[in-house]
Amino acid sequence: MRKNFYQDQAGAYQFVMRIGLGAKLLELQPGKPAINVGTLDKLPGLIDSLIAAVRAGELDPMMMDALAAQGVMMVKRRSKAA
């Protein structure tokens with residue numbers, strides 16, 4: 001299992017969401033695959049908020065787009081291997 005957070009050079013913590021078999025990063029904002037958490041003590045609250053958003057279906061469009069893009073990448077890989 002991968003750790004989904006890291007500390008950047010400025011000392012702030014960043015959280016990333018991965019989706020699908022290829023562990024593609026889910027961008028909640030275009031061009032920003034990480035969520036700036038700030039301090040480590042805020043991480044559990046962020047994770048709880050993301051779980052609630054997933055359960056409410058709020059992230060479904062972004063997740064479907066990411067999975068669709070991953071499907072296209074998998075097709076391209078298979079065609080190169082053949």
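- Nearest approach of Q7 to G11, heavy atoms of both residues: NE2-O, 3.0 Å.
- Atom CE of residue M17 and atom CD1 of residue I35 lie 6.5 Å apart, to the nearest 0.5 angstrom.
- Here the closest non-hydrogen pair linking Q14 and N36 is OE1-CA, 3.4 Å.
- Between V16 and P33 the shortest heavy-atom distance is CG1-O, 3.5 Å.
- Of the inter-residue distances, the one linking L59 atom CG with D65 atom CG reads 12.0 Å to the nearest 0.5 angstrom.
- The CZ atom of F15 sits 4.5 Å away from the CD1 atom of I47 when rounded to the nearest 0.5 Å.
- A distance of 6.0 Å separates CG of L43 from CZ of F5, quoted to the nearest 0.5 Å.
- For the pair E27 and M62, the tightest heavy-atom approach, listed with the atom from each and the gap, is O-SD, 3.9 Å.
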